[in-house]
Structure formats: structure tokens, C-alpha cells
A.B. asks: 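Questions regarding the structure given below will be posed in turn.
Throughout, protein chains are lettered first and strands after them, A, B, ... in sequence-line order, and every chain is numbered starting at 1.
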Amino acid sequence: MGALSIRNVRKSYGTTEILKGINIEIEEGEFLILVGPSGCGKSTLLAMIAGLDNITSGEVYIGERKVNDLSPKDRDIAMVFQSYALYPNMTVRQNISFGLEIRKVPKAEQQKIVAQVAQILQMEQLLDRKPSQLSGGQRQRVAMGRAIARNPTLFLFDEPLSNLDAKLRVEMRTEIKLLHKRVGKTIVYVTHDQVEAMTLGDKIAVMKDGEVVQFGTPQQIYDNPVNLFVASFMGSPSMNFIPCRVAVLDGKFGLKMDTGGQTHVFPVEGASSALAAYAGREIIVGIRPEKITHKVDFLAGAPNFYVAETTIEISEPTGADTLLVITINDKNIVCRVHPDYAKSQGERMAFMFDMSKTVYFDPVTELRIL
Amino acid sequence: MADSSNTQTQGSSRFGRYLIYTLLGLVCLYYLMPLFIMLSTSLKTLDDIRTGSLVSLPAHVTFQPWLDAWSKACIGVRCEGMSVYFWNSFRFVVPAVLISTLAGAFNGYVLTLWRFRGSDIFFSALMIGCFIPFQVILLPMARTLGELGIFNTISGLIFVHVVYGVSFTTLFFRNYYVTIPDELVKAARIDGAGFLRIFWRIILPISTPIVVVSIIWQFTQIWNDFLFGVVFSSGDHQPVTVALNNLVNTSTGVIGYNVDMAAAIIAALPTLFIYIVAGKYFVRGLTAGSVKG
């Protein structure tokens, strides 16, 4: 049995269903990310794991124990909140030891734990300050320290980085990852930031409207999204969706791409039988920006690599890459090009499409076809 | 061009500033006048009062009226001054203020951080208590006090003022606590703290500004109350406000304006003191909810 097991959990307030039967199971030491747009129920699910909210039906197991009816303090968990939720009237030291004091840990032991935690998070010099005297990043660190001091079997993080500025967020992200590596405990982490989800998670549960749309490793979710929503949610800049008509070409299927006056047909390699039902109809082709680059001569012409020349509408240099916007089938498409090869706005340029990881969606059901 | 318009605004703003200060000064004088007259009259001899004008300074400063007012002036048939009643007031005002403040804090805590089904309705119902005029509850309260056996006692007055004040203090604390993030309570629950421990150890210690507001408000209200005092107590149990009224109304031939004035100031002194000491917290506490993120 896993470290955390959520079985058919539902939550409703009156007649509105917030969670519609959630099933998730993770192993000991895994880092689970609950990600989704606001209102998808991810924070509610976390509150229910924590015991801060009641479960309408279903079961939650932490380790071997069913915790449905246990109060938060008996679930052997610790939680880090978005607003940090440090006790403003207490010093950092008291904040960390408050939970220990309640559980009647002897004074000497408390001091030892506080010292250890302070050392792990490198905040010995902050111990006697009040939360109001700390910066955002330091508060976040204290909040994590408070959680570590409890030494729980399960850590819960509720959007812990959303109140930090961009630079600090990246730093703290790394720090959380290091912490996970060092402590080796199971973590459930809620975020709406797909970058955090990708970088931190061992497993990701993408949620929408109270349901888990897809559950898997970050790479699985990135490469094999089950529907249009997951595909558009994960990845930054997000995946391009090109409405394309499926053409039949010498018994093979091809995709019609109109780059402003010029129509290309990109053949679909491999198992294309799934496309048979869509012959002559329109489907949605999903291709990530990094799969559309400048033309590399030795690759051009290889299976799955196609070249098309078109005009650059907008150029957005980010430093590492330059994002170029072009038009295909009357849709703006973002391409990720190495700055050395990127041409300027308004110029024509040959783009190479790597179709090997392209995904196809039904325009009506928005589900994956292939 | 930009410069000339700049100087123009500066000139007119300076004129406006003088106008504001003059106006504020006049208003200040107007409000300080009664206090000045009371103070100067209380330091005059009776002869001085008869011959001089109302606004003139005492020709000869005497503290005798103050001593008389404190320990000799006749209130009804007893001629022991205000002191007994002054301490009477303290004996019920202090407990009533503390109990109503604590109860308000507790109510506010429950109504915001431990919401229950119908807590908003409960709060609205409690708010109606702020709008009930004193007169309406006189008879039912007299009956209640009688049933409880605390009519005409210090405890009775404490009870009345706590009941009446709890609506106000609850309002103060609720509005202060809505600005506290729920996550604070959640964090404490996960830390293992219970309902009462969270209140004592976390919520109450961060409530200082609103506690000060509540204490000032309640102290002023209860100390200055006359109606409840006159209705629910008599004789030795009366508060200072009622005693002041009786002192002024007890005539022994000559009206001792100087003693009356001294007694009035004595009766007002504690509230004045509270405002001077804690006034800045009052303003800070009242605006705390609005500026705190």
C-alpha cells in the first residue's frame, strides 16, 4: 500500500459537487503535484487530506491508516500555507516549537529540534525575530521549518510560492526540491503554476472541475496529454493548436497547412489508422513551440521533419530563445528558435517542423485521437 | 510656464492652510471653553464667583471646593462627598468593561474563525442589540435583575452593562478578526492546538489594538451611563454620575457652583484620563482593519 491513497473521494456543498470522485495513489517518498486552474478543487482536496475539511464520501489513507475521521493533529502531517500563516505574536523559535510544545515534547528536546531545523534551513540568525521582521522568502523558510520540526509522514504544501517574486520563487523551488531529497518524505504540493509542477513533481495530477483529468509523471503528461485541456495547460509557452484538414495522399494521411498563400501537406508517419475516421474532416493538431525551429539541413527531409517558408509576424526575444509568431491556417503559431538563427519581424524564414511528438485532438470532444 | 503655475498653487495652498489653521483654532477654543470655565470656577471662592464674570480667572486660587466635593459635599442626606460613589463606579465599571471586552473577543473569534451554520444570522441578530434604546429594556431588565436577586447591587450593574455592551464589543472584534487569514487557525489546528488554546495563545495576543478600542469605548459608555445607574441602584450603590446629579440638586440655601464644578470634573476625570493615555491607540485600532493587508 502506498504512502497516500485517495479513493473515490467526493465533496459537495449542498447540491454543488466540488470534487467528483478522486482516485490517486502514491508511493512513499514521492512528490505529488496537484495542478489545475483556480476553482478546480485542488486546494479543497488538500484540505481534505489535511483534515481541515470534511469528506462527503470516499476514503483517504495515509500509510496504512484510514484518516477520514481523524482530526488534523492526529494525521501525522504538516502543512505549509500560501500566506505562510506564521503566528505573528511569536518569535521564529516559538513558531517552530509551538507544535512540539502542544505535543508535550520535553523542553531540551524541543531546543534540539529547533536547532536542527534552523541548521537545515540556514536560519539560525533569524530564530529570535518576529515574523513581521522577516522578508517573504524568510517567512516561507520559517513556515517550512515549522513543518519539518513536526517530522511528519506526509508534507502538504498549499501554493507556497505564489506570494513570492519571480526570482525568489525559482530559488525557493530549488530549495524545496533539495529539501525533499534530503528529508525523503512524501509530499503533496498544490500549485496552479505548471512550471512548478513540471520541475518539482514525481507524479502530477492535473485537475479540472473537480476531477483528475490526467495522472502521471511530468514527462508523460508533457508528451502524452489525454486531451486538449491538459495539452494547453502544461508547457510554457503553451502548445500550438492548428486546425487542420486531414488529406488522403497515396493511401497515407496528410495534414494541410496553409502558410499564407502556400499550402503544404505534411504526411503523418506511423500508425495513422486512427485518422481514417477523420479523412477529409478537420482535426486539431497540437505541436509544441520547441518543435518548430529554424531549418537544420541534415535533418530536413528525414521522416517526420518538414520544412515550410513563411513570414514572421512578431518576434519576441527572451534571451535564451527567440519566440517567433507565424500564421498557419489563419492561426497564430509560436515557434521557438535559437537567437542566432532567428530572422526579424516581417522577414521570410524557413521553419522546420518536427512532427514526431505531434498530438491530434478531436475538435468536438477535445480528446486525443493519436 | 510650468514654474509659474507651480508658484501659483503654492501661494493659494499657503492661504488655504492659514484658513484651515485659523478655523481649527477657533473650533478648538470653542470646545475647550466649557472645560476652562469649569476649571476656573472650581478654583474660585464663592465670593469670587458672585463678583467676577464667568470667564474671568480666579482672583484667589482655592482648592477647598475640590476637597469639599470629594469628601464633604451633601448628596441627599449624606454629607460625605463624591468619594464613595466614585469608587462605586470603579467597582462595577472595571469588571463590566473587562467582561464585556473578553466576551466580545470570544464572540468575534467564533463568528469569524469558527463559522458555524447560521453564524451570520446570529451575528445580525446580535447587531440589533446595538440599536436597542436604553429605555426599552428598563422594565424587562428590572424584572430579570429581581429574579436573579441582584437588583440594587454592584453585580446587577455589571450584569446590565455586560449584556448591553456585548453587541458593541462583538462588532468591534468581529470586524477586526475578519482581516486575519483563516490559514492562521488552520496552521494552529495542524500544530495540534484546540479551540481555546488558539484563542488564548494566538488570537488574543494579536488583538491589542482592538482590545484598546473596546476598553475605551466600553469604559466611556459605562462610566458615563446615568439611566441604568439611576434605575437599577439606589443609596450607597449609586454610580458617580447619579451622585453628581444628586449633589447638584441637593440645595442647602446657597448654590456652591465651585463645588458643583469640581464634582463634575471629578466625575469626568477617568474618561479624560483614558482618552489622553490611550487615544492614539483608539484611532489606530479603529483604522487597523482598513489598512492591514
A.B. asks: Please determine if A:Arg173 and A:Glu196 form a salt bridge, counting it only when a charged side-chain N lies under 4.0 Å from a carboxylate O.
C.D. replies: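 Salt bridge flag = no for A:Glu196 with A:Arg173.
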
A.B. asks: Is it the backbone or the side chain of B:Arg201 that comes under 4.5 Å from a heavy atom of chain A, or both, or neither?
C.D. replies: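 Contact with chain A involves both backbone and side-chain atoms of B:Arg201.
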
A.B. asks: For A:Asp74 versus A:Leu70, what's the shortest heavy-atom pair and its separation?
C.D. replies: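 In this case the closest contact between A:Asp74 and A:Leu70 is O-CD1, 3.8 Å.
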
A.B. asks: Under 3.5 Å, is there a donor-acceptor pair between the A:Tyr84 and A:Asn95 side chains?
C.D. replies: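 No, because no side-chain N or O of A:Tyr84 sits under 3.5 Å from a partner of the opposite role on A:Asn95.
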
A.B. asks: When you measure from the side chain of B:Asn88 to the backbone N and O of B:Gln238, does any donor-acceptor pair fall under 3.5 Å?
C.D. replies: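 Between the backbone of B:Gln238 and the side chain of B:Asn88 there is a qualifying donor-acceptor contact (under 3.5 Å).
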
A.B. asks: Could you look at A:Glu101 and say if it's the side chain, the backbone, both or neither that has a heavy atom under 4.5 Å from chain B?
C.D. replies: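 Interface part for A:Glu101: side chain.
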
A.B. asks: When you look at CZ of B:Phe90, are more than 12 heavy atoms from neighbouring residues, nucleotides or ligands closer to it than 6.0 Å?
C.D. replies: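 Enclosed.
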
A.B. asks: Report, in residue-number order, which members of residues 135-163 of chain A are under 4.5 Å from chain B by heavy-atom distance.
C.D. replies: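 Those residues of residues 135-163 of chain A which have a heavy atom under 4.5 Å from chain B are A:Arg146, A:Arg150, A:Asp158.
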
A.B. asks: Report the option among A:Ser83, A:Pro88, A:Ala47 that has the most heavy-atom pairs separated by less than 4.5 Å from atoms of chain B.
C.D. replies: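 Result: the option with the highest number of such pairs is A:Ser83.
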
A.B. asks: Step through the shown structure and confirm whether more than 12 heavy atoms of other residues, nucleotides or ligands are within 6.0 Å of CZ on B:Phe123.
C.D. replies: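 Counting other residues, nucleotides and ligands, CZ of B:Phe123 exceeds 12 neighbours.
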
A.B. asks: With A:Glu109, which residues qualify under salt bridge (Lys or Arg N to Asp or Glu O under 4.0 Å), at least two apart?
C.D. replies: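 Checked A:Glu109 against salt bridge (Lys or Arg N to Asp or Glu O under 4.0 Å); zero matches.
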
